Each structure stands twice: as C-alpha cells, then as structure tokens.
**Student:** 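Quick one: this structure, given as structure tokens, is what I'll be asking you about.
As the structure lists them, so they are numbered: ligands from 1, and atoms in each ligand from 1. These numbers come from the heavy atoms of this one structure, side chains and all, not from hydrogens, waters or symmetry mates. Computed from a predicted structure; not experimentally measured. All residue numbers refer to positions in the sequence shown, counting from 1.
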Amino acid sequence: MEGLDSLVRDCEGRGQACSLKELDEIRIEFLGRKGKLAQSMSLLGKLDNSDKPAAGKKANEVKTFITDLLDKWQAGLLAAEKSQTLERFDPTMPGRKPWAGSLHPVTLVMDEICEVLTGLGFEHAAGPEVENDWHNFEALNIPPEHPARDMQDTLYVSDKIVLRTHTSGMQIRSMLGRKPPLAIIAPGKVYRRDSDLTHTPMFHQIEGLLVDTNVSMADLRGTLTVFVRQLFGQGTEVRFRPSFFPFTEPSAEVDISCVMCGGKGEIHGETCRVCKGTGWVEILGCGMIDPNVFKSVGYDSELYTGFAFGLGVERVAMLKYGIGDLRMFFENDVRFLEQFA
Ligand code: PHE
C-alpha cells in the first residue's frame, strides 16, 4: 500500500514534463506493461487473501489517478503548443492584397479624353509615328526654311523622314482620306529632341480637327469649353489667349482656371505652385485651319472652314492627378503605378 502511495507522489513530482515526448516517456514509465504500476500489481499475488481486495482497489484508484493526471498534463501541453502556433498566425492582421494590374495614368487620361470627344461626335483616327516631312511640316504651312521649325527640335530618321513632332500631321492625313464634313481625333505618341525636368523625348498628344461649311471661332470656343468642363469639372473657367501656329489662323492657347487653387493663385496664403500664382494653367493650342493647309490637301477654303486643337496628355494627367514630376510617368515605379488601379 505504501508502495502505491509513493507511486502517486513520485508521479506528481514529475509534473515538470515540458514536452509531449517527455510525457510519453513518463506514461510508459508508470503505466507501461513493465512499468512501475505493473510491477506493484505483480506483488498483489503475494498478499494474504484478506488484504487482496483492499490492495486491488487501491491499485485501481492509483491507476485512474495517474492516468487522469497524465491526461491533464497532455491537454495542457497540447493547448500550449496550439497557442504557440496561433501566436505566429494573427487573424487580425490585414490580409496581403493580391497584385492587380492597372492601366497607366497616361492611358487612363487618354481614354477619358477620347471618350469625352467621341461623345461630342469626333471619330477616332490613327496614323504613323514615323512620318514624312511633308505631312509633319510642309503640308501644315511649315516650309523647310520656316522659322517655326526651330520651335520643334526634330528627330530625323533620314533626310525626309522624321519621328512626328506633333499629331498635327493627322490633320493632313484625315483630310486627304475623307471628305467634309469631318470631325476626328488622333491620339498618339510624338517625339522631340528635348529632355529636362519638364520635357521628355517622347510624350503623348491628342489632335482634334473639324471641317465643315460655316465653322466659326465660336464653334471652336464652344466645343473646347464643353470638352474642358467635362474633363476638369463644370466649374472650370476657360480663357482663350491669342497665339501663333503656322497651320492655324487665328490661333489661340487655352488656359483653364487652376485645378490646384481653383483660380485663386494661392493656397493658405502661399503662392500656388501649379499656376505660380496666376490662377490659370495652359492646357492646349488651337485655331482656325489656315487656308494654306486647305490648299495642300486640295480643299476649297472659300467653301470650307474648320478648327483644330492639340493637347499634351501628360500635362493633362499631371493636372488631373496632381502629379508634380513628369518623370514619374516613365520611371514605372510600381508604388506610383499601383495608385491608379
Ligand atoms: N501641334 C501643336 C503643338 O504641338 C498644337 C496645335 C494643334 C495647335 C492644332 C493648333 C492646332 O504644339
């Protein structure tokens, strides 16, 4: 009986088992076929018959006690192990977002501009980026010795072939390929030998052209005002400033009230950095088609009139999204691009 009692104390004293493996060893040591309890039980046979029932009962109690004790430890160890794995898995952590592609901001703005203009009835037209001198310059009233060629530092492929310096060559291609009345837009890449903080050798433009009878400067103003307000918001102010382009006469540059400061020229008492305090930002060039341009495509300038406009897509994207650095568009930093998803 004493041996059985000491077995219980012995087992309780082992309460330090710190792994399930150790616990298994203890279980074998006490409850195994050749374990300590089995050994004590084997002594039962040697007792007097009168002592046997009490000793047998005691042995069973000890067995139950030790079994329960070890089960309890095991449960504790299992729980500890589980909570350790759970510590490494925090269900309250925000999940990892799967990567989603997005359209480039230039593409987004180009699509949006085209959508507004096709909504106004302009048809989409596409043409080559490698253009000949005639479409890019000559037919647009820019003869070889014309000083306007200095305005655009041209990338030449060969003597008479250039990378188009603007989308205006599409005015010529569209007029040659169609008959008035016509209204087209031509978006695409253009190239200039220019590279600094605010200029890149390649950028995007959208050309607009409308030719019909009785087209006036008022039509141009009305069309561009509606267009700009759909793009930048109905509250946008529009201003036409006299300018010069060889292929339009009269020509104008269009300013809109600054998208940053709302035309006030300052934000919280500080000069607005987008419009530099003027309250206006330039967004496109435009004008009435010069009769010399009609002459180069064989249109009767006594019968037809028209207007054209051209705008820089990167510039519009910078204004629309408040992007301060042109280079962002070309670096393709994913942290920048993924914001447009
Ligand atoms: N092609 C001109 C430029 O690149 C813009 C323009 C287009 C101006 C059509 C008037 C008419 O600056």
Side-chain angles (χ1 to χ4, degrees), residues 106 110 113-114 117 120 122 125 127-129 131-143 146-155 162-175 182-194 198-212 215-217 219-225 227-228 238-256 281-294 296-297 299 301 304-316 318 326:
V106 167
M110 199 135 82
I113 293 171
C114 288
L117 289 169
L120 291 174
F122 288 83
E129 289 168 26
E131 185 59 284
N132 58 39
D133 186 275
W134 188 76
H135 286 97
N136 195 79
F137 292 124
E138 196 128 12
L140 286 165
N141 200 28
I142 316 174
H146 196 288
R149 288 204 184 197
D150 295 339
M151 281 162 62
Q152 293 159 351
D153 242 333
T154 311
L155 284 157
V162 301
L163 296 186
R164 65 179 178 190
T165 57
H166 54 183
T167 43
S168 296
M170 284 306 293
Q171 292 183 29
I172 304 302
R173 289 188 175 272
S174 305
M175 286 192 278
L182 60 88
I184 61 102
I185 45 167
K189 292 182 167 68
V190 301
Y191 302 84
R192 291 181 196 177
R193 273 188 57 178
D194 227 348
T198 51
H199 296 88
T200 47
M202 184 281 291
F203 60 101
H204 298 79
Q205 280 190 337
I206 296 181
E207 192 81 11
L209 168 72
L210 183 142
V211 181
D212 202 345
V215 181
S216 73
M217 189 94 185
D219 296 315
L220 173 61
R221 280 197 69 133
T223 305
L224 289 181
T225 303
F227 162 62
V228 156
V238 184
R239 162 173 105 167
F240 285 68
R241 241 181 327 103
S243 184
F244 173 80
F245 299 100
F247 34 92
T248 47
E249 183 61 35
S251 303
E253 274 169 321
V254 174
D255 297 339
I256 58 167
V281 287
E282 183 194 322
I283 81 146
L284 55 80
C286 64
M288 304 306 293
I289 308 294
D290 192 290
N292 279 343
V293 174
F294 279 143
S296 34
V297 294
Y299 279 20
S301 57
Y304 295 117
T305 43
F307 62 71
F309 56 91
L311 86 173
V313 181
E314 279 81 358
R315 180 159 177 77
V316 173
M318 286 173 84
L326 178 68

**Student:** Only one of Asn136, Leu140, Leu209 passes side chain to side chain contact (heavy atoms under 4.5 Å, CB included) with Ile172; say which it is.
**Tutor:**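 It is Leu140, the one option of Asn136, Leu140, Leu209 that forms the side chain to side chain contact (heavy atoms under 4.5 Å, CB included) with Ile172.
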
**Student:** Are His166 and Tyr191 an aromatic pair by the rule of ring centers under 6.0 Å?
**Tutor:**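 Ring-ring flag for His166/Tyr191: false, centres at least 6.0 Å apart.
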
**Student:** Side chain, backbone, both or neither: which applies to Arg192 and ligand 1 if a contact is any heavy-atom pair less than 4.0 Å apart?
**Tutor:**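 Within the 4.0 Å criterion, Arg192 contacts ligand 1 through side-chain atoms alone.
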
**Student:** Return a yes/no value for His166: is any of its N or O atoms, backbone included, closer than 3.5 angstrom to an N or O of ligand 1?
**Tutor:**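 Looking only at distances, the answer is yes, because the N/O contact criterion of under 3.5 Å is met.
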
**Student:** What atoms in ligand 1 come closer than 4.0 Å to a heavy atom of Cys286?
**Tutor:**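 Answer, ordered by atom number: 8 (C), 10 (C), 11 (C).
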
**Student:** May I ask you to say whether Asp153 pairs ionically with Arg193, meaning some side-chain N is under 4.0 Å from a carboxylate O?
**Tutor:**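 No, no charged N to carboxylate O under 4.0 Å.
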
**Student:** Do the charged groups of Glu207 and Arg164 touch, with an N to O distance under 4.0 Å?
**Tutor:**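 Looking at Arg164 together with Glu207, the answer is no, because their closest N to O distance does not fall below 4.0 Å.
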
**Student:** Can you name the atoms of ligand 1, numbered from 1 with element, that are less than 4.0 Å from a heavy atom of Gly310?
**Tutor:**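 Close to Gly310: 6 (C), 7 (C), 9 (C).
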
**Student:** Atoms of ligand 1 less than 4.0 Å from Gln171 heavy atoms?
**Tutor:**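 Matching atoms, with element in brackets: 9 (C).
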
**Student:** Has Phe247 got any heavy atom lying under 4.0 angstrom from an atom of ligand 1?
**Tutor:**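 Under 4.0 Å: yes for Phe247.
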
**Student:** Where does Ser168 meet ligand 1, judged by heavy-atom distances below 4.0 Å: at the side chain, the backbone, both, or neither?
**Tutor:**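 Near ligand 1, Ser168 shows its side chain, while the N, CA, C and O stay back.
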
**Student:** Before signing off on this row, confirm whether Thr248 and ligand 1 have an N or O atom pair separated by under 3.5 Å.
**Tutor:**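 Not met; the criterion fails.
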
**Student:** Taking the side chain as everything from C-beta on, heavy atoms only, tell me whether Val281 gets closer than 4.5 Å to Arg315.
**Tutor:**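 Sidechains of Arg315 and Val281: in contact.
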
**Student:** Closest approach of Asn141 and Asn292, non-hydrogen atoms and distance?
**Tutor:**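 The pair with the smallest heavy-atom distance is OD1-ND2, 3.2 Å.
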
